[in-house]
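Have a look at the structure below, then the notes.
Sequence positions, counted from 1, serve as the residue numbers for this chain. Counting convention: from 1, in listed order, for ligands and their atoms alike.
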Amino acid sequence: MTIHSSYAINTLLDKHQSRNQNQHKFALANLTNKQKLKLKSPIKDVSKRLNEIKDEFDPYHIIFHPSLRLVDHFSSRIVFHSPDSSSDKALFDHSSKLNLAFEKTQKSSSDIAIISDGSVKAVGSATAVAHIWKDNKVIAKLKAYTNNITSMEAELMAIQIGLTSAFKNTEAHQILVITDALEAGKKIISSGDQHLQKSIIPIAEKIQSFLSKDSHNSIHFWHCPNKLEWPRHSLVDTETKASHIPPSFPEKNSFLFSKKKECDLILESWQQSFKDSKKKGQLFLEFEDDNEKVIKPMYTKGGSWLLHIGISNSVCVRFTRMMLGHAPIGEYQQRFFPNSPIHCPCGEADVEMREHIFMQCKRYDTSLHPRDICISSFIEFIIGNPTSFCFDNS
Ligand SMILES: [Zn+2]
């Protein structure tokens with residue numbers, strides 16, 4: 001990681017730009033991920049070998065000992081502020097409180113506010129920016145660059161450069177850290193993430209020293225999500241995204257970055273095999289999410305479909321039967337039990353198909369007929385029609 005002042009940043013930028021101008025246009029650092037996938041070269045193998053995972057483990061460091069952790073001693077003076085919910089009203093209330101807290105620090109000669117943001121690009125470069133506010137003006141703008149880390153680690157890096165600078169002000173008693181990644185701040189304090197131990201230790205020690213030297217000293221972390229559009233944070237966000245430097249070669253990966261890359265690759269192959277495979281069944285129905293994107297398999301947030309279905313067992317089982325075409329309806333009987341009746345009991349369909357049930361059948365509430373292929377429309381139909389796709393005795 002490199003940390004520098006504005007002057008040093010410009011010098012470093014010049015050096016990087018000049019270095020990149022001198023690079024061959026097909027240098028590894030200039031290739032997109034797609035181009036790298038197609039490339040077969042010994043250089044690529046060397047890069048892969050050199051890009052090992054950084055050594056980030058230090059579990060025996062004293063800062064991680066039970067009873068000596070930051071959270072054990074200073075939990076009352078390290079405070080996290082976040083909105084109660086993501087509702088518009090909760091965000092508005094939170095924004096008002098953030099404004100008041102920020103203005104208070106700027107009126108006090110012993111308070112400092114840090115506004116931080118981190119960003120990563122697909123090519124692997126990461127940038128962290130922190131603005132230090134005191135007496136209603138920005139007294140320092142800090143930037144740090146590195147490669148092959150996750151966005152959460154970039155946010156953590158931004159908080160670290162901000163706090164490191166703020167601690168140099170010996171008169172500071174209260175420090176506000178305004179970030180769109182409160183989780184990153186929590187990771188420093190809890191020291192619980194083994195994959196970040198070595199990067200957390202230096203800043204955790206500085207926090208310990210700051211809080212130990214005066215019982216009035218405190219640190220307040222304020223969550224400032226992008227949708228709050230808080231102007232001072234938006235400025236930092238814009239600066240972060242505009243400040244990327246192409247990654248240099250070779251560069252080691254952080255453990256979390258390697259893990260994410262591996263997960264992305266697995267997910268990609270999973271989705272591709274799901275797309276190509278006939279194993280999901282000929283009658284498998286594809287749906288779109290609320291953003292009109294076709295739903296693909298994923299493993300986060302409870303999976304792709306369950307997330308929309310909710311917690312009702314009845315809705316879940318009837319939706320699954322309907323989606324797979326394995327439901328007690330004429331269309332299914334026709335395939336597996338051809339001697340059974342296949343017509344719809346309403347008398348208006350020779351074969352009781354799913355389309356008939358959703359769009360025409362008078363046995364169901366017509367006001368709930370899906371008008372698009374959005375999954376929520378179908379779930380709404382199934383919830384509103386409790387006998388749909390249901391066995392008589394279920
Ligand atoms: Zn019918």
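Geometric assessment of K186 against the ring of F221 yields a negative cation-pi assignment under the 6.0 Å and 45° thresholds. For the pair K280 and F274, the cation-pi test (distance below 6.0 Å, angle within 45°) is passed.
Annotation: D264, atom CG; neighbour count of heavy atoms from other residues, nucleotides and ligands within 6.0 Å is above 12.
Counting only distance, with no hydrogens or angles, the side chain of D289 and the backbone of K293 share a donor-acceptor pair below 3.5 Å.
Screening the protein for N, O or S atoms under 2.8 Å from the Zn ion (ligand 1) yields 4; no waters enter the count.
With sequence neighbours excluded, the residues forming a salt bridge (charged side-chain N to carboxylate O under 4.0 Å, His left out) with E348 are K362, listed by chain and number.
With S388 as reference, R318 is the one residue of R318, R354, R363 to meet the side chain to side chain donor-acceptor pair (under 3.5 Å) rule.
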